[in-house]
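Order of listing sets the numbers, starting from 1, for every ligand and every atom in it. The basis for the numbers below is simple: all heavy atoms, side chains too, and nothing from hydrogens, waters or symmetry mates.
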Amino acid sequence: MEQTTNLEFERTMRMDWEKGLLLPNADVRESVKTLGQLESIFLNEKDRRAMDPATVVYRVQAWCPVPEGTEGAQFWGSTVIEPGQVDTEYFMTHGHFHSKRDRTEYYATIEGEGALILMDESRKTWMEPMFPGSLHFVPPSVAHRVANSGKVPLRVVACWPSDAGHDYDVVRRFGFGARLLNVNGKASLVRSGN
Ligand code: PA5
Ligand code: NI
């Protein structure tokens with residue numbers, strides 16, 4: 001009996017809710033995306049190339065308690081997007097559709113300000129403002145990315161189905177239908193061809 005209790009305790013994960021981060025352990029996968037890894041994602045590719053490729057744009061943590069692709073379970077993650085811009089475009093995540101298009105997701109903001117940018121399969125693009133405490137539902141068949149329009153790291157948590165998968169291809173090739181730009185000091189969603 002005592003052994004069972006100990007095993008359960010070892011599986012308990014912990015969040016630092018002030019920072020919106022999982023306390024690292026062997027079950028937490030961590031990854032970093034730098035400007036050098038985000039080729040063709042920002043509008044001004046020339047400016048991106050002129051910046052230090054080692055600049056960190058965002059960090060991701062994921063807790064996947066079951067194997068990827070398992071039906072009926074969920075994954076948990078944290079993303080921290082640094083403040084910054086490429087030309088007038090705010091630092092943001094790559095963005096993706098879920099491979100299984102009908103799989104949805106929740107996002108919540110811990111700290112910072114920015115936007116959850118959403119795009120449906122007809123390329124209609126819209127945004128929801130992110131601020132501490134904001135809670136967001138990503139509907140089926142909607143691509144999503146997070147942009148930081150503030151001066152401090154934007155800290156978000158997310159929860160998504162373990163069989164959703166990440167499809168980066170459409171975004172890599174065609175981008176979103178609009179971009180979050182700093183227009184005279186104000187974050188504005190600007191329609192774009194790519
Ligand atoms: O599953 C999600 O939507 C998030 O955990 C994202 O993967 C994370 O925010 C990083 O974004 P991206 O996967 O588009 O690089
Ligand atoms: Ni997702």
Min heavy-atom dist Val60 to ligand 1 below 4.0 Å: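 Yes, Val60 has a heavy atom closer than 4.0 Å to ligand 1.
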Heavy-atom gap Phe75 to ligand 1 smaller than 4.0 Å: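 No, that is not the case, since the closest heavy atom of the residue is not under 4.0 Å from the ligand.
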Distance under 4.0 Å to a non-hydrogen atom of [X]: what atoms of ligand 1 satisfy this?
X: Tyr58; answer: 10 (C), 12 (P), 15 (O)
X: His144; answer: 3 (O)
X: Tyr107; answer: 2 (C), 3 (O), 4 (C), 6 (C), 9 (O)
X: Thr79; answer: 8 (C), 9 (O)
X: Thr93; answer: 11 (O)
X: Glu105; answer: 1 (O), 2 (C), 3 (O), 4 (C)

Ring centroid separation His144 to His98 under 6.0 Å: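 Yes, the ring centres sit under 6.0 Å apart.
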Parallel, tilted or perpendicular: rings of Phe42 and Phe91 (30°, 60°):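 Aromatic pair Phe91/Phe42 classed tilted.
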Phe137 and Tyr106 aromatic ring geometry - parallel, tilted or perpendicular at 30°/60° bounds: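 Tilted.
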Asn44 side chain near Lys46 side chain, heavy-atom distance below 4.5 Å: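 Asn44 vs Lys46: side chains touch.
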Heavy atom of the protein closest to atom 13 (O) of ligand 1 (residue, atom name, distance):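 Among all protein heavy atoms, the one nearest atom 13 (O) of ligand 1 is Tyr168 OH, 2.6 Å.
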Heavy atom of the protein closest to atom 7 (O) of ligand 1 (residue, atom name, distance):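 Checking every protein heavy atom, the shortest distance to atom 7 (O) of ligand 1 gives His166 NE2, 3.4 Å.
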Metal site the Ni ion (ligand 2): N/O/S of His96 inside 2.8 Å: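 Looking at His96, which is the residue asked about, there is an N, O or S atom under 2.8 Å from the Ni ion (ligand 2).
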Ser162 and Thr70: CA distance, side-chain angles, deciding distance, side chain to side chain donor-acceptor pair (under 3.5 Å) verdict: CA-CA 6 Å; Ser162 40; Thr70 303; 5.2 Å; no
Shortest non-hydrogen contact from Leu154 toward Asn148: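 For Leu154 versus Asn148, the nearest heavy atoms are N-ND2, 3.3 Å.
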Other residues, nucleotides, ligands: >12 heavy atoms within 6.0 Å of Arg29 CZ: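 No, not enclosed.
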Nitrogen or oxygen of His98 less than 3.5 angstrom from that of ligand 1: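 Min N/O separation from ligand 1 is not below 3.5 Å for His98.
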Leu43 backbone acceptor or donor facing Glu89 side chain under 3.5 Å: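 Between the backbone of Leu43 and the side chain of Glu89 there is a qualifying donor-acceptor contact (under 3.5 Å).
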Backbone of Lys19 reached by a side-chain donor or acceptor of Arg155 within 3.5 Å: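 At least one qualifying donor-acceptor pair exists.
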Residues Arg59, Glu82: salt bridge by 4.0 Å N-O rule: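 Between Glu82 and Arg59 there is a salt bridge, with a charged N closer than 4.0 Å to a carboxylate O.
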The Ni ion (ligand 2) - closest N/O/S atom in Glu105: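 Closest N, O or S atom of Glu105 to the Ni ion (ligand 2): OE1.
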Under-4.0 Å heavy-atom contact with ligand 1, by part of Arg145 that carries it: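 Within the 4.0 Å criterion, Arg145 makes no contact with ligand 1.
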Angle in degrees, rounded to 10°, that NE2 of His144 and NE2 of His98 form at the Ni ion (ligand 2):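 NE2 of His98, the Ni ion (ligand 2) and NE2 of His144 span an angle of about 100°.
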